[in-house]
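Heads up: the structure comes next, in structure tokens.
Order of appearance sets the numbers: ligands from 1, and atoms from 1 within every ligand. All values derive from a computational prediction rather than experimental measurement.
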Amino acid sequence: MTMSDITPPHGGTLKDLRVEPERAEELRAEAVKLPSWDLNPRQVCDAELLLNGGFSPLEGFLTEADYAAVCADMRLADGSLWPIPVNLDVTREFAGSLSAGDRIALRHPEGMVLAVMTVEDIYRPDLRREANQVYGTTDEAHPEVFRLFHQTGPVYLGGRLDGLELPPHHTFKNLRHTPRELREWFTKMGWNSVVAFQTRNPMHRAHVELAKRASQKGEANLLIHPVVGMTKPGDVDYFVRVRCYQEVVRHFPEQTTALSLLPLAMRMGGPREAVWHAIIRKNYGCSRFIVGRDHAGPGKDSNGTDFYGPYDAQDLVARFQEELEIAMQPFEEMVYVEDLAQYVPRSEVPEGGRVLNISGTELRRRLREGLEVPEWFSYPEVIARLRQAFPTKREQGFTVFFTGLSGSGKSTIANVLVAKLMEIGTRPVTLLDGDLVRKHLSSELGFSKEHREINIKRIGYVASEITKNRGVAICAPIAPYAATRREVREMIGQYGGFIEVHVATPLEVCEERDRKGLYAKARAGLIKQFTGIDDPYEAPENPEVVVDTSQYSADELAQQIVLHLERQGFIDLA
Ligand code: PPS
């Protein structure tokens, strides 16, 4: 017997796919002998909502017939409304080892088996068609389209799941609830009507006003239900957001408001996603669902145009209102009117009223530069939490990335710079010199293009970890290829400063110095693929600093870099 088909007071039938404990034990024993698929983070999120009933009425990953119907018509093959494909994508090799009817174990990255799947269908999706039908575009600026085209396995497996256990959570356990737990809690509290507020961003005063008004309007209790599974790349991480929500929830009446975290992997699918979110909230026992401006919007396409209209999501949810069994609470954007000193829906701004706004980008700038964020915009406690996540340049880590020919003087300047930064002493400093890295991290690599790229990416990865943890990394490889340097810049730039220093000593000078005697050997053909001789060096086009070793000493050049760091605000020499 499974625990499915429970019909509690709110939200209709819940398909909880977890089996009874005795059966789970039998399945665990069976799973040891089954082929095993290691779920990726996104699949773990999908599996959790399948197993706990958040994705009711689904009973597993979509079969081919369901998938085709969902993509084309937003329905399962049996006609039930379901707008977003939920697939198990796998590699060609894994799929090739299976036949329909086989059973496989689905494993969490920590090793435990979450479910046993009976494979009904093994099929190759047309990912371009999926992108077009579901997201209305094949533009890779759409994060889900990018994921489909670059990170999705080529074969989908469809089939029912027997759930053994939910994925473990090690954070904010008191804020995590299954649909069944929330439904029971609402019943216990006597909350007959609950309106859900979806968010993937920190909440500021505008969101609080909106959620309060929406719950008053719907005469409902409020569930703040933020997504903590996967959201849009670049979003504020959920650890920080949850600390902000915990601050914000204190500004709501305690007896009518709850906070619970939703482990959903969003698709940023705009209108279709809004319908999906409504179904999920119904499953979690809510009776109303707030759909605001640009719900689950992915931002702008590669031509700078919004993928979806601001109220497309509301229109689509309204179209299915009858079938949804959860009422939409449409809501306009709330804006702050200075003359009134209050928030109002945009359409209610009095004529001539001055509307104040701070965009997400502007907020990040103010946080990074340590500038004031006004109280009309957010609560000081929330801003304090965000400031921890957006350190100012003085608090951020940074990487100084030297690049230049062999013998150009990179290591000599890098060593002096390390000493000067240690003397300043505000951050720990790590030197990742070319030779050091090749000894300790890349000893098996040679100098082919492929090996050089791996070498530089390793340096980039270590430097990005150091930068993330607010230290200083000084790197000094040749790093001859522009594309690899750009990748490293992106890797590090998301966490802190990246200062590329081109040590522009001309080849003739390096060759004349030839301290290691390598140029002579390269000319003699004894060393192959030597940078500058028979392997290219692509000079940086826009480095932050260019140093000229023919005119200045290493000490003077290192000091130039120190001054650059001060001008940029990373260090304080005063
Ligand atoms: S790369 O291209 O960035 O991966 O190179 P890097 O790790 O900095 O290693 C460069 C040092 O290795 C020695 N060496 C060579 N350099 C360039 N080309 C070839 N084929 C080669 N073979 C050995 C050389 O001593 C470089 O050291 P530096 O300190 O740059 O002179």
Side-chain angles (χ1 to χ4, degrees), residues 399-419 429-467 472-492 498-541 543-550 552-555 557-558 561:
T399 292
V400 179
F401 192 94
F402 289 92
T403 167
L405 294 168
S406 170
S408 57
K410 303 180 298 287
S411 305
T412 317
I413 310 168
N415 274 302
V416 180
L417 181 64
V418 168
V429 184
T430 304
L431 177 63
L432 296 167
D433 190 25
D435 284 343
L436 272 177
V437 169
R438 283 202 171 259
K439 183 169 168 212
H440 295 296
L441 291 180
S442 296
S443 55
E444 86 286 18
L445 299 181
F447 288 87
S448 65
K449 185 166 197 293
E450 190 197 353
H451 277 193
R452 287 179 198 256
E453 280 175 356
I454 298 173
N455 182 41
I456 300 307
K457 283 185 197 168
R458 283 183 190 167
I459 296 175
Y461 172 71
V462 176
S464 76
E465 285 294 307
I466 292 169
T467 305
V472 175
I474 310 286
C475 312
I478 297 178
Y481 308 124
T484 327
R485 291 194 304 261
R486 192 175 59 226
E487 270 188 62
V488 168
R489 178 185 286 273
E490 280 165 15
M491 243 193 250
I492 295 169
F498 183 81
I499 298 98
E500 187 175 41
V501 179
H502 180 199
V503 184
T505 314
L507 178 64
E508 309 77 66
V509 179
C510 299
E511 194 167 354
E512 205 181 289
R513 289 181 190 159
D514 204 9
R515 292 214 179 94
K516 298 180 186 168
L518 294 173
Y519 282 96
K521 284 189 182 158
R523 289 286 181 202
L526 299 171
I527 306 178
K528 297 280 179 232
Q529 295 180 302
F530 198 83
T531 308
I533 306 298
D534 56 353
D535 209 69
Y537 178 77
E538 300 165 8
E541 286 184 2
E544 276 70 14
V545 182
V546 182
V547 295
D548 176 354
T549 56
S550 63
Y552 299 101
S553 68
D555 198 286
L557 294 172
I561 298 166

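- Here the protein heavy atom with the shortest distance to atom 12 (O) of ligand 1 is Phe447 CZ, 3.2 Å.
- Atom 2 (O) of ligand 1 has as its closest protein heavy atom Arg452 NH1, 2.8 Å.
- Below 4.0 Å from some heavy atom of Lys410 lie the following atoms of ligand 1, by number and element: 30 (O).
- With sequence neighbours excluded, the residues forming a side-chain hydrogen bond (donor to acceptor under 3.5 Å, both in side chains) with Ser411 are Asp433, listed by chain and number.
- Checked by atom type and distance alone, the side chain of Lys410 never pairs as donor or acceptor with a backbone atom of Ala476 at under 3.5 Å.
- Note that Arg438 lies in the cation-pi zone of Phe447, set by a 6.0 Å cut-off to the ring centre and a 45° limit from the axis.
- Residue contact check: Pro480 has heavy atoms under 4.0 Å from atoms 2 (O), 3 (O) of ligand 1.
- Of the protein's non-hydrogen atoms, the one nearest atom 26 (C) of ligand 1 is Ser406 OG, 3.9 Å.
- Within ligand 1, the atoms closer than 4.0 Å to a non-hydrogen atom of Ile456 are 3 (O), numbered from 1 in the order shown.
- Annotation: atom 10 (C) of ligand 1 to nearest protein heavy atom, Ile478 CD1, 3.5 Å.
- Counting heavy-atom neighbours within 6.0 Å of Glu512 CD, excluding the residue itself, gives a total of 12 or less.
- Near Gln529, meaning under 4.0 Å from one of its heavy atoms, ligand 1 places the atoms 18 (N), 19 (C), 20 (N).
- Between Glu541 and Arg486, none of the side-chain N atoms (NZ, or NE/NH1/NH2) sits under 4.0 Å from a carboxylate O, so this pair counts as no salt bridge.
- Counted by atom type alone, Thr549 and Thr505 present one or more donor-acceptor pairs between their side chains at under 3.5 Å.
- No donor-acceptor distance shorter than 3.5 angstrom exists from the side chain of Arg452 to the backbone of Leu445, with no hydrogens or angles considered.
- Neither the backbone nor the side chain of Asp433 comes within 4.0 Å of ligand 1, counting heavy atoms alone.
- In this structure, Lys521 is not positioned above the aromatic face of Phe530 in the sense of NZ or CZ being under 6.0 Å from the six-membered ring centre and within 45° of the axis.
- At the top of the distance list for atom 19 (C) of ligand 1, counting protein heavy atoms only, stands Phe530 CD1, 3.4 Å.
- Note on Asp435 versus Lys516: salt bridge recorded, some NZ/NE/NH1/NH2 to OD/OE distance being below 4.0 Å.
- Neither the backbone nor the side chain of Val437 has a heavy atom within less than 4.0 Å of ligand 1.
- Remark: ligand 1 and Ser411 share no N or O pair separated by less than 3.5 Å (distance only, no angle test).
- Atoms CD and OG1, from Glu465 and Thr430 in turn, are 12.0 Å apart once rounded to the nearest 0.5 Å.
- Proximity of His451 to ligand 1, defined as any heavy-atom pair under 4.0 Å, is not found for any part of the residue.
- Annotation for ligand 1: atoms under 4.0 Å from non-hydrogen atoms of Lys528 are 20 (N).
- Contact atoms of ligand 1 toward Gly407: 31 (O) (distance under 4.0 Å to a heavy atom of the residue).
- A donor-acceptor pair under 3.5 Å links the side-chain atoms of Asp514 to the main chain of Ala520, judged by distance alone.
- Distance check: Arg523 CZ to Ile533 CD1 gives 3.5 Å after rounding to the nearest 0.5 Å.
- For the pair Ala479 and ligand 1, the shortest N or O to N or O distance falls below 3.5 Å.
- Among all protein heavy atoms, the one lying closest to atom 11 (C) of ligand 1 is Asp435 OD1, 3.8 Å.
- With ligand atoms numbered from 1 in the order given, ligand 1 contributes 17 (C), 18 (N) to contacts under 4.0 Å with heavy atoms of Thr531.
- Among all protein heavy atoms, the one lying closest to atom 25 (O) of ligand 1 is Lys516 NZ, 2.9 Å.
- Considering only non-hydrogen protein atoms, atom 6 (P) of ligand 1 sits nearest to Arg438 NE, 3.5 Å.
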